[in-house]
K.L.:
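Provided herewith is a single structure, encoded as structure tokens, for subsequent inquiry.
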Protein chains: 2
Amino acid sequence: MISGKFAITIHILTLLTKFPDEFLSSEFIAGSVNLHPVLVRKEIANLKKNNIVESKEGKNGGTKLLKSASDISLDTIFKMTFDTVTLGFSKNEPNPKCPVGKKINKNLEDLYENINEKISLQLSGITLENFSNQF
Amino acid sequence: MISGKFAITIHILTLLTKFPDEFLSSEFIAGSVNLHPVLVRKEIANLKKNNIVESKEGKNGGTKLLKSASDISLDTIFKMTFDTVTLGFSKNEPNPKCPVGKKINKNLEDLYENINEKISLQLSGITLENFSNQF
DNA sequence: ATATTTGTAATATATTTTATTACAGTATGA
DNA sequence: TCATACTGTAATAAAATATATTACAAATAT
């Protein structure tokens, strides 16, 4: 389910921020991201589910922001598009008969949870407006 | 390549920490991680390259730590096994003719760099010994 | 010598991500 | 009211990445 989700979503939102009064079509957005319009619409579906944007079907349809870019933090976008940041897990279940194998995933999860807290804290201090102003 | 690199490597190192005086075989380690021994040896090759472990070929061979677990920080392991943490990039090059497409990757990189600094800071405060003591 | 182990390359399989196709449904405006 | 331009979504295909396996040379303990 799309590993560039965050990047694509923030790209979409930056475009919407630059044209706050227009409904941008998925094809227009896809042209900027360089991605298939269907995938853009999938990410937009996610944004809609989270009440960040609204979209209008039919001719001259498209998508626009539902709220001000200054009211959307990057942490919100992060949480919408990422379960959690991890440094990964081994694919197979480690050996539960080994004291290390038995606990490794729990201990890694704890570590990763701390990392996520730090990232969230950092991202909640940046708004979509801040990010968009860099362009 | 290998997305569970960090997890696998820290698992290996935790085992080595628990048996600091023995050469552990890749097969023994693979049995705990539940991974093919060849992949374990690949990660060990990386650890050797970084002078964290030494290994001995031949019968009764295997791998052991080269330094004390208290002298190895999780940040060192992180840097050995991860380029950088990112929240991802869109796979294709964004449209350079669009002001947003032109700069999005640079701006994301800057953001991710800050995230990595925070993670590094956090991980450098945890040693392999600290981590291993949880088991 | 033989058995056991590392080191590494080559290849195969599995998994995940991205792309495409297809088409029903909806709004616009000529 | 009909043609057009959109969204929404499912199904499928292709590409990329990660993991697994096989194979075998080289090293070393006993």
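Throughout, a chain's letter reflects where its sequence line sits, starting with A, and its residues are numbered from 1. Side chains are part of it too, since the values below use all heavy atoms of this structure and drop only hydrogens, waters and symmetry mates.
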K.L.:
Taking only heavy atoms on the protein side, list every residue of residues 48-68 of chain A lying under 4.0 Å from any atom of DNA chain C, sorted numerically.
P.N.:
K56(A), E57(A), G58(A), K59(A), N60(A)

K.L.:
How many Å lie between CD1 on I29(B) and C1' on dT6(C), as a whole number?
P.N.:
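So the CD1-C1' distance, I29(B) to dT6(C), works out to 12 Å.
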
K.L.:
What are the two closest heavy atoms between L123(B) and L111(A), and how far apart are they?
P.N.:
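Closest pair (atom of L123(B), atom of L111(A), distance): CD2-CD1, 3.9 Å.
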
K.L.:
In whole angstrom, what separates E43(B)'s CD from dT6(C)'s P?
P.N.:
15 Å

K.L.:
Can you tell me if S26(A) touches the phosphate of dT7(D), counting only side-chain N or O atoms and a distance under 4.0 Å to OP1 or OP2?
P.N.:
yes

K.L.:
Quickly work out the L47(A) CG to dG8(D) P distance and round it to whole Å.
P.N.:
11 Å

K.L.:
Please examine the side chains of E54(B) and K64(B), heavy atoms only from C-beta on, and report whether any two atoms are closer than 4.5 Å.
P.N.:
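They are in side-chain contact.
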
K.L.:
Counting only side-chain nitrogens and oxygens, does R41(A) get under 4.0 Å of the OP1 or OP2 atom of dT7(D)?
P.N.:
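For R41(A), the contact criterion (side-chain N or O under 4.0 Å from OP1 or OP2 of dT7(D)) is met.
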
K.L.:
For the pair made of CZ in F23(A) and C1' in dA5(D), what is the distance, rounded to whole Å?
P.N.:
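For the pair F23(A) CZ and dA5(D) C1', the rounded distance is 15 Å.
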
K.L.:
Test your reading of the model: is there a side-chain donor-acceptor pair from T76(A) to the backbone of I72(A), 3.5 Å cut-off?
P.N.:
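Absent.
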
K.L.:
Output all residues satisfying ring-ring contact (aromatic ring centres under 6.0 Å, His included) with F82(B), sequence neighbours left out; order by chain, then residue number.
P.N.:
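If we apply the ring-ring contact (aromatic ring centres under 6.0 Å, His included) test to F82(B), skipping adjacent residues, the hits are F78(B).
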
K.L.:
Decide if atom CD of E27(B) counts as having more than 12 heavy atoms of other residues, nucleotides or ligands within a radius under 6.0 Å.
P.N.:
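No.
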
K.L.:
At a heavy-atom distance below 4.0 Å, what parts of residues 93-103 of chain A sit against DNA chain C?
P.N.:
none

K.L.:
Under 3.5 Å, is there a donor-acceptor pair between the side chain of N46(A) and the main chain of K42(A)?
P.N.:
no

K.L.:
Residues in ring-ring contact (aromatic ring centres under 6.0 Å, His included) with F135(A), at least two apart?
P.N.:
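F135(A) satisfies ring-ring contact (aromatic ring centres under 6.0 Å, His included) with F131(A) only.
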
K.L.:
Check whether more than 12 heavy atoms from other residues, nucleotides or ligands sit under 6.0 Å from atom CG of D83(B), and answer yes or no.
P.N.:
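Check fails, neighbour count at 12 or below.
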
K.L.:
Would you give me the side-chain donor-acceptor pairs under 3.5 Å for residues 90-102 of chain B, sequence neighbours excluded?
P.N.:
| residue | atom | partner | partner atom | Å |
| --- | --- | --- | --- | --- |
| N92(B) | ND2 | N34(A) | O | 2.9 |
| N95(B) | OD1 | K97(B) | N | 2.8 |
| N95(B) | ND2 | G31(A) | O | 3.2 |

K.L.:
Output the rounded distance in Å from CG (N46(B)) to C1' (dT8(C)).
P.N.:
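Distance, rounded to whole Å: 15 Å.
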
K.L.:
Expressed as a whole number of angstroms, how long is the span from E27(B):CD to dT6(C):P?
P.N.:
8 Å

K.L.:
Considering non-hydrogen atoms only, spot the tightest contact between I29(B) and V40(B) and give its length.
P.N.:
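I29(B) and V40(B) have their closest heavy atoms at CG2-CG1, 3.7 Å.
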
K.L.:
Which class fits the ring pair F89(A) and Y112(A): parallel under 30°, tilted 30 to 60°, perpendicular over 60°?
P.N.:
perpendicular

K.L.:
Polar atoms only, N or O, under 3.5 Å: list the protein pairs with nucleotides 19-21 of chain C and their distances.
P.N.:
| residue | atom | partner | partner atom | Å |
| --- | --- | --- | --- | --- |
| dA19(C) | OP1 | N92(B) | ND2 | 2.5 |

